[in-house]
Chemist: 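There's a structure below that I have some questions on.
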Amino acid sequence: MDWTNKISITFCIVLVMMLSSCSVSYKFNGASIDYTKTKTIQINDFPIRSSYVWSPMGPMFNNELKDMYSRSTRLSQVKRNGDLKIEGEITQYQQRNKSVSAEGYSAQTELTMTVNVRFTNNTNHDQDFEKSFSASQSYETTQSLQAVQEELVTQMIKDICDQIFNATVANW
């Protein structure tokens with residue numbers, strides 16, 4: 001063997017050894033949970049405390065929030081005494097005119113949903129908070145709210161649940 005072959009073989013062996021000894025871990029869900037300390041989560045149902053109500057909104061929100069933590073974490077959901085606790089209420093559901101047409105009539109309407117959240121981390125109370133999260137969706141005034149409401153509320157719920165997830169376990 002000549003000198004360049006020995007160097008090439010040695011380089012390949014060192015490279016293989018380095019690659020096999022290193023590991024890189026990626027979390028695509030964004031959760032940064034220490035599962036040695038935090039094993040359970042308690043997510044209470046959020047009642048609707050808004051003056052304007054669309055009744056399916058409450059169960060849709062509660063199910064999506066619980067499903068998000070089930071899909072994105074290894075935390076066991078419990079009814080009480082969770083290491084993490086999420087509770088709150090849907091405080092606002094409203095629509096307002098967003099833009100006006102040249103004729104002076106409303107051209108777009110904005111639908112907004114706001115949720116107040118109280119988060120308790122029983123393993124690290126420095127992370128506890130109470131905070132409101134909001135999301136909005138717009139629709140053309142030529143459409144009726146009943147025709148677009150389910151789609152818009154579904155998207156707002158997903159947005160708010162993402163915000164809550166990021167604020168509680170993703171540390172963003």
Side-chain angles (χ1 to χ4, degrees), residues 22-99 108-140 143 145-172:
C22 296
S23 67
V24 178
S25 173
Y26 293 100
K27 295 179 192 175
F28 292 108
N29 62 16
S32 57
I33 300 168
D34 181 358
Y35 289 106
T36 61
K37 295 179 185 175
T38 307
K39 297 180 185 328
T40 61
I41 186 167
Q42 172 185 339
I43 303 174
N44 294 347
D45 283 344
F46 283 55
I48 301 173
R49 300 262 198 281
S50 173
S51 56
Y52 180 64
V53 174
W54 183 56
S55 58
M57 178 175 58
M60 288 170 67
F61 176 80
N62 291 317
N63 290 336
E64 176 61 26
L65 187 63
K66 290 173 184 175
D67 288 350
M68 175 167 277
Y69 284 86
S70 290
R71 284 189 312 263
S72 303
T73 71
R74 297 187 320 232
L75 298 172
S76 298
Q77 291 189 25
V78 295
K79 296 284 185 193
R80 60 180 62 89
N81 300 325
D83 296 326
L84 305 179
K85 181 179 179 183
I86 300 173
E87 60 186 339
E89 52 278 328
I90 299 169
T91 58
Q92 186 179 50
Y93 180 65
Q94 70 177 13
Q95 57 180 340
R96 67 178 182 86
N97 293 334
K98 185 176 179 182
S99 63
Q108 277 196 326
T109 302
E110 183 176 70
L111 193 61
T112 304
M113 180 178 172
T114 303
V115 176
N116 185 57
V117 175
R118 287 177 299 283
F119 174 70
T120 307
N121 183 337
N122 289 314
T123 62
N124 181 2
H125 286 289
D126 291 339
Q127 294 179 353
D128 295 357
F129 66 81
E130 182 169 358
K131 185 176 173 180
S132 288
F133 299 90
S134 292
S136 299
Q137 292 287 314
S138 299
Y139 64 97
E140 299 297 320
Q143 299 175 298
L145 177 59
Q146 288 75 21
V148 297
Q149 189 164 224
E150 184 172 357
E151 179 184 342
L152 298 179
V153 169
T154 299
Q155 185 56 49
M156 289 188 298
I157 286 172
K158 183 177 178 342
D159 291 348
I160 291 172
C161 288
D162 284 343
Q163 292 174 44
I164 294 169
F165 184 87
N166 288 338
T168 57
V169 297
N171 295 328
W172 287 15

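Note that the structure is predicted; figures quoted are calculated from it, not measured.
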Chemist: Are any non-hydrogen side-chain atoms of Thr109 and Lys98 less than 4.5 angstrom apart?
Modeler: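 A side-chain contact is absent here, since even the closest heavy-atom pair is not under 4.5 Å.
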Chemist: Is there a side-chain contact between Gln95 and Tyr52 (heavy atoms, below 4.5 Å)?
Modeler: yes
Chemist: Applying ring-ring contact (aromatic ring centres under 6.0 Å, His included), which residue pairs with at least one partner in residues 56-77 are found, sequence neighbours left out?
Modeler: Phe46-Phe61, Tyr69-Phe165
Chemist: Which atom pair, heavy atoms only, marks the closest approach of Val153 to Met60?
Modeler: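 Residues Val153 and Met60, closest heavy atoms: CG1-CE, 4.2 Å.
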Chemist: Specify the closest pair of heavy atoms between Ala135 and Met156, including all atoms of both residues, with the distance to one decimal.
Modeler: O-SD, 3.4 Å
Chemist: Between atom CG of Asn121 and atom OG1 of Thr168, what is the distance when rounded to the nearest 0.5 Å?
Modeler: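 That separation rounds to 9.5 Å.
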Chemist: Just by distance, no angles: are the side chains of Asp159 and Gln163 close enough, under 3.5 Å, to form a donor-acceptor pair?
Modeler: no
Chemist: Has Asp83 got a side-chain atom pairing as donor or acceptor with Thr123's backbone, closer than 3.5 angstrom?
Modeler: no
Chemist: Taking the side chain as C-beta and beyond, is there a heavy-atom pair between Ile41 and Ile43 under 4.5 Å?
Modeler: yes
Chemist: Who pairs with Glu151 by salt bridge (charged side-chain N to carboxylate O under 4.0 Å, His left out), at least two apart in sequence or on another chain?
Modeler: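 So Glu151 forms no salt bridge (charged side-chain N to carboxylate O under 4.0 Å, His left out) with any residue.
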Chemist: For residues Gln94 and Ser50, determine if any side-chain heavy atom of one lies less than 4.5 Å from a side-chain heavy atom of the other.
Modeler: no
Chemist: Using side chain to side chain donor-acceptor pair (under 3.5 Å) as the criterion, list what pairs up with Thr112, not counting sequence neighbours.
Modeler: Ser136
Chemist: Which residues pass the side chain to side chain donor-acceptor pair (under 3.5 Å) test with Thr36, not counting sequence neighbours?
Modeler: Asp34
Chemist: How long is the gap from CG on Asn44 to CZ on Arg80, to the nearest 0.5 Å?
Modeler: 10.0 Å
Chemist: Can you list the residues that meet the ring pair (Phe, Tyr, Trp, His ring centres under 6.0 Å) rule with Tyr139, with sequence neighbours excluded?
Modeler: none
Chemist: Which of these passes side chain to side chain contact (heavy atoms under 4.5 Å, CB included) with Tyr93: Val115, Thr114, Leu111?
Modeler: Leu111
Chemist: For Glu150, does the CD atom have more than 12 heavy-atom neighbours from other residues, nucleotides or ligands under 6.0 Å away?
Modeler: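 Not buried by this count: 12 neighbours or fewer within 6.0 Å.
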Chemist: Got Asp162 and Met68 here, is their nearest side-chain heavy-atom distance under 4.5 Å?
Modeler: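 The answer is yes; the side chains approach within 4.5 Å.
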Chemist: Is there any side-chain hydrogen bond (donor to acceptor under 3.5 Å, both in side chains) pair reaching into residues 57-67, and which pairs are they, with sequence neighbours excluded?
Modeler: Asp45-Lys66, Glu64-Arg71
